[in-house]
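Below is one structure, written out as structure tokens, with a few remarks after it.
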Amino acid sequence: MHRTVDYKDGKVILIDQTRIPSELVELELSTYKEVADAIVTMKVRGAPAIGVAGALGIVLAARHSSTLDLKALYEELARAGETLKNTRPTAVNLFWGIDRMLNAAQAAVQVDSSVQEIVQALESLGEAMLAEDEDVCRAIGRHGAELLPKKGSVLTHCNAGALACVGYGTALGVIRAAVEMGKQIHVYADETRPRLQGMKLTCFELMSDHIPVTVISDNMAGTFMQQGKIDCVVVGADRIASNGDVANKIGTYSVAVLAHHHKIPFYVAAPLSTVDFSLVSGDDIPIEERSHEEMTHINGHRVAPEGVEVVNPSFDVTPASLVNAIITEKGIVRPPYKKNLKR
Ligand code: MRU
């Protein structure tokens with residue numbers, strides 16, 4: 001598959017995830033405002049993918065700046081950074097990616113580079129971040145694959161796959177790596193209401209790679225665990241607090257509680273850029289509230305009674321006590337997370 005996010009000839013290239021599985025369409029974005037809009041509308045989504053896309057948005061802002069004054073250039077980039085940061089609040093990778101790019105711009109401005117040199121430096125950093133994301137996912141996959149059974153079933157929630165990253169994926173990277181090692185893995189994919197990332201994206205990806213997958217509705221997970229059909233759970237993360245509490249797609253917490261009840265290991269696969277060491281616990285993670293139409297409408301068609309009260313939090317927080325291990329690019333982290341994540 002193509003990279004989910006890429007940079008070519010001064011343009012950010014994205015696979016439009018709102019059109020999968022019907023069609024695989026690539027978008028070419030020329031401005032940081034187009035990148036911000038693609039993040040809000042979830043044409044690009046998934047924590048690592050929006051982190052790199054946000055960073056590349058800053059590259060576009062630098063390319064299109066007409067100023068020759070370095071201080072004015074940095075101020076312009078910082079303003080673009082604010083616009084990009086104001087798109088989605090939960091995944092910390094977005095803020096990490098944008099700040100990494102802004103820090104590089106600031107360092108270049110301080111050594112009195114020319115505007116052209118700064119643009120080139122930011123483009124090179126963008127290329128490096130794209131390659132790094134793929135390498136990190138493969139490393140997560142290698143470490144995590146060891147945790148999966150030689151033959152068995154894995155439940156996942158939402159999409160933490162190639163489509164949520166530059167390529168390969170975190171939770172699905174673990175599954176891919178296990179399959180590459182010769183393990184026989186069957187995946188159960190929660191459909192993931194309300195936006196159905198599990199059914200639309202995870203199933204699409206795994207089927208493209210000929211990895212056996214069965215879609216189930218979110219409320220079926222418990223019964224499949226009770227019937228002994230799930231050997232472990234692997235999910236991604238949008239932000240992990242320093243104590244190991246994990247924010248991920250709404251419904252992840254319910255899956256973790258069910259896994260705990262059935263004594264099934266619950267693993268979180270995420271790059272270290274997803275860990276927010278500034279937060280003591282998951283209580284401080286901002287949870288995005290998305291449009292109520294995501295709940296009340298299906299394919300643009302109203303399915304809920306007119307006027308019904310709706311809430312639509314897009315993420316939930318799974319307490320560290322329900323997480324058996326966090327799989328990172330540096331290795332598998334076990335509790336106590338407060339101490340071991342730092343290490
Ligand atoms: O709202 P989304 O689709 O961006 O949510 C994505 C998730 O919750 C993923 O599990 C998470 O970002 C990890 S992706 C490797």
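Start at 1 with the first residue, then count along the sequence. Just so you know, ligand 1 is whichever comes first in the structure, and atom 1 is the first atom listed for that ligand. No hydrogens, no waters, no symmetry mates; every other heavy atom, side chains included, goes into these values.
Among all non-hydrogen protein atoms, the one lying nearest atom 13 (C) of ligand 1 is A237 O, 3.3 Å. With hydrogens left out, the protein atom closest to atom 5 (O) of ligand 1 is K249 CE, 3.3 Å, a heavy atom. With respect to atom 14 (S) of ligand 1, the closest heavy atom belonging to the protein is A164 CB, 3.4 Å. Atom 6 (C) of ligand 1 has as its closest protein heavy atom R45 NH2, 3.4 Å. When hydrogens are left out, the protein atom nearest atom 8 (O) of ligand 1 is D238 OD1, 2.8 Å; that is the closest non-hydrogen contact.
Between the CD1 atom of I250 and the SG atom of C158 there is a distance of 11.0 Å, given to the nearest 0.5 Å. If you take CG on D135 and CG on L130, they are separated by 11.0 Å, rounding to the nearest 0.5 Å.
Residue P48 has at least one heavy-atom neighbour below 4.0 Å for each of these atoms of ligand 1: 14 (S), 15 (C). Near Q197, with a cut-off below 4.0 Å to any heavy atom, the atoms of ligand 1 are 1 (O), 2 (P), 3 (O). Set against the non-hydrogen atoms of A47, the atoms of ligand 1 under 4.0 Å away are 12 (O), 14 (S). In the vicinity of N248, heavy-atom distances shorter than 4.0 Å reach the ligand 1 atoms 7 (C), 8 (O), 9 (C), 10 (O), 11 (C). Interface atoms of ligand 1 facing N159, defined by a heavy-atom separation under 4.0 Å, are 9 (C), 14 (S). Less than 4.0 angstrom separates some heavy atom of A160 from each of these atoms of ligand 1: 14 (S), 15 (C). When each atom of ligand 1 is checked for a heavy atom of R88 under 4.0 Å away, the hits are 1 (O), 2 (P), 4 (O). Listed by atom number, the atoms of ligand 1 under 4.0 Å from T170 heavy atoms are 15 (C).
Relative to the six-membered ring of F315, K249 meets both conditions, a distance below 6.0 Å and an angle of at most 45° to the axis.
For H157, no nitrogen or oxygen atom sits less than 3.5 Å from a nitrogen or oxygen atom of ligand 1, counting backbone and side chain alike. In terms of N/O distances under 3.5 Å, ligand 1 is not approached by C158. Considering backbone and side-chain N/O of G46, one or more are found under 3.5 Å from N/O of ligand 1.
Side-chain N/O atoms of T214 and H186 include a donor and acceptor closer than 3.5 Å.
Taking a cutoff of 4.0 Å between a charged side-chain nitrogen and a carboxylate oxygen, D16 and R19 qualify as a salt bridge. A salt bridge links R63 with E123: the distance from a Lys NZ or Arg NE/NH1/NH2 to an Asp or Glu carboxylate oxygen falls below 4.0 Å.
Distances from ligand 1 to the non-hydrogen atoms of M42 include at least one value under 4.0 Å.
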